[in-house]
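One structure is given below, encoded as structure tokens.
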Amino acid sequence: MGALSYRMGRMLDVVSPRMLPSFIIIGAQKSGTTHLFNVLSKHPSILPPKRKELHFFDRNADHRLGFSYYRQLFPRKPWFGGRFVTFEATPSYMWEAHYAERIHQVMPQVLIVAVLRDPVKRAFSAWQMSQRKKDHPVQGHLYDPLSFEEAVRGELAGEPRTGGSSYLRHGEYAEQLRPFVDLFGKDRVKVFSFRDMRDRLPWLVGELCLWSGIEVLPADHSAFTLPPRKGGYDVGMAPGLEAELYRHFQPGLEALDHLMGRPMDLIEH
């Protein structure tokens, strides 16, 4: 039966091969990528991967499994019914330059998509997420015992933080996107703002549909129905800290405008 299953699998690979992503959403963390993934997955011509965050290009153990393993995470091409595409969304792909190199090595024509949020609000939201991990049975290790001010003042002083706890570094968008622009070209790096997600989601999704050559959904499509809004932050930001952080991010925001050749207008007043 093992040999038969293998032969059947090889036949399926010929008549109905695994699809590869038309576009990859690389970030940013806490910028609405989960909702965007869910909306795109409801499009009749977009077939989602096995899960939202595949982590193939940013986890060495997964990457060592090879590109054939990556292919298995995507749906097979339907035999009938017109054009279909697939995609993936792993926000941590923005974090290191060699993740861009890994993607480009195997899929140089893929569209790179980033949704960027006001970096101060993104940092505070990421810290708030860590607070909700306290006493979590599985993700308790993601809890940050520091206050937000303690954590960011450490980063401002040059103290390194790793992974998702790098609240300020993960808001240095120009630094993170430059490797993708250098490798894929500016025309294959599509950058949206969190405001686009919030205020004109049908347009944003329509842009990805046009790129992928599939039908643009009408604005009243059920896919755009927003989920119930969760509760707000448990604590606020310390007085004066917000203004200090905006001053910290200002050079990076100007560098982002220059990199993309247009004002990104990320600050939410």
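These numbers come from a predicted model, not from an experiment.
At a threshold of 4.5 Å between side-chain heavy atoms, the hydrophobic network of Ile, Leu, Val, Met, Phe, Trp and Tyr places M107 and I112 in one connected group. Linking ILVMFWY side-chain heavy atoms closer than 4.5 Å, directly or via other members, places Y173 and Y246 in a single hydrophobic cluster. Using a 4.5 Å cut-off between side-chain heavy atoms of Ile, Leu, Val, Met, Phe, Trp and Tyr, with links allowed through other members, I214 and V216 fall into different hydrophobic clusters. Hydrophobic clustering (side-chain heavy atoms under 4.5 Å, transitive across Ile, Leu, Val, Met, Phe, Trp, Tyr) keeps I46 apart from L20. Using a 4.5 Å cut-off between side-chain heavy atoms of Ile, Leu, Val, Met, Phe, Trp and Tyr, with links allowed through other members, M94 and I25 fall into different hydrophobic clusters.
Two residues are said to be in side-chain contact when any heavy atoms from C-beta on lie closer than 4.5 Å; K42 and F224 fail this criterion. Using a 4.5 Å heavy-atom threshold, the side chains of V85 and S212 count as touching. Residues L36 and L201 are in side-chain contact: their nearest non-hydrogen atoms beyond the backbone lie under 4.5 Å apart. Here the side chains of M129 and Y143 are not in contact, with every heavy-atom distance at 4.5 Å or above. The side-chain heavy atoms of L217 and P44, taken from C-beta on, include a pair separated by under 4.5 Å. Side-chain contact check for F192 versus K190: some heavy-atom pair is nearer than 4.5 Å. Between S68 and R71 the shortest side-chain heavy-atom distance does not fall below 4.5 Å.
The two residues P78 and F84 have their closest heavy-atom pair at CG-CD1, 3.6 Å. Taking each heavy atom of P179 and A97 in turn, the nearest pair found is CG-CB, 3.7 Å. Of all the heavy atoms in V189 and M260, the pair that sits closest is O-CE, 3.9 Å. Taking both residues in full, the closest heavy atoms of E149 and A238 are given as OE1-CB, 3.3 Å, listed atom of the first, atom of the second, then distance. Listed here is the closest heavy atom pair of A114 and L177: CB-CD2, 4.0 Å. Here the closest non-hydrogen pair linking S31 and M197 is O-CG, 4.1 Å.
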Verify side chain to side chain contact (heavy atoms under 4.5 Å, CB included) between Q109 and R188, making sure each step is shown before the conclusion.
CA-CA 8 Å; Q109 302 302 314; R188 288 189 179 273; 2.8 Å; yes
Worked verdict on F57 versus T90 for side chain to side chain contact (heavy atoms under 4.5 Å, CB included):
CA-CA 9 Å; F57 296 102; T90 305; over 6 Å; no
Please determine whether side chain to side chain contact (heavy atoms under 4.5 Å, CB included) holds for the pair L245 and L168, giving the CA-CA distance in whole Å, both sets of side-chain angles, and the decisive distance to 0.1 Å.
CA-CA 9 Å; L245 292 179; L168 301 190; 4.0 Å; yes
Going through the distances and angles, do I24 and L111 end up as a side chain to side chain contact (heavy atoms under 4.5 Å, CB included)?
CA-CA 6 Å; I24 297 179; L111 182 71; over 6 Å; no
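Between the CD1 atom of I267 and the CG atom of D118 there is a distance of 4.5 Å, given to the nearest 0.5 Å. Taken to the nearest 0.5 Å, the CG atom of L256 stands 12.0 Å off from the CD atom of E175. Atom CG of L146 and atom CZ of R153 lie 13.5 Å apart (nearest 0.5 Å). In this structure, L253 CG and E172 CD are separated by 8.0 Å, a value rounded to the nearest 0.5 Å. The SG atom of C209 sits 7.0 Å away from atom CG of L40, with the distance rounded to the nearest 0.5 Å. Taking NE2 of H63 as the start and NE2 of H98 as the end, the distance is 9.0 Å to the nearest 0.5 Å.
Heavy atoms from other residues, nucleotides or ligands lying under 6.0 Å from CD of Q139 number more than 12. Counting heavy-atom neighbours within 6.0 Å of H258 NE2, excluding the residue itself, gives a total of 12 or less. Environment of NZ in K134: sparse, with no more than 12 heavy atoms of neighbouring residues, nucleotides or ligands closer than 6.0 Å.
By the 30° and 60° cut-offs, the orientation of the rings of W127 relative to F124 is parallel. Ring pair F37/F87 is tilted by interplanar angle, where 30° to 60° counts as tilted. Using cut-offs of 30° and 60° on the angle between ring planes, the pair Y69 and F56 is tilted. Below 30°, between 30° and 60°, or above 60°: for H170 and W95 the angle between ring planes is below 30°, a parallel geometry.
The list of salt bridge (charged side-chain N to carboxylate O under 4.0 Å, His left out) pairs with a residue in residues 82-110, not counting sequence neighbours, reads E96-R169. Residue pairs satisfying the salt bridge (charged side-chain N to carboxylate O under 4.0 Å, His left out) criterion with at least one member in residues 249-269, sequence neighbours excluded, are listed as follows: R195-D265, R198-E268. Sorted by first then second residue, the salt bridge (charged side-chain N to carboxylate O under 4.0 Å, His left out) pairs that include residues 46-70, not counting sequence neighbours, number zero.
For R200, the salt bridge (Lys or Arg N to Asp or Glu O under 4.0 Å) criterion is met by D196, not counting sequence neighbours. Under the side chain to side chain contact (heavy atoms under 4.5 Å, CB included) criterion, P75 pairs with M19, L47, T86, sequence neighbours left out. Residues that satisfy the ring pair (Phe, Tyr, Trp, His ring centres under 6.0 Å) test with F67, not counting sequence neighbours, are Y70.
R117 and Q29 share no donor-acceptor pair across their side chains, judged by distance under 3.5 Å alone. Looking at D144 and Y167, their side chains do bring a donor and an acceptor atom within 3.5 Å of each other.
Here the two rings, on F184 and H104, have centers that are under 6.0 Å apart.
Applying the side-chain contact (heavy atoms from CB on, under 4.5 Å) test between P91 and each of T33, V115, I26 identifies T33 as the sole match.
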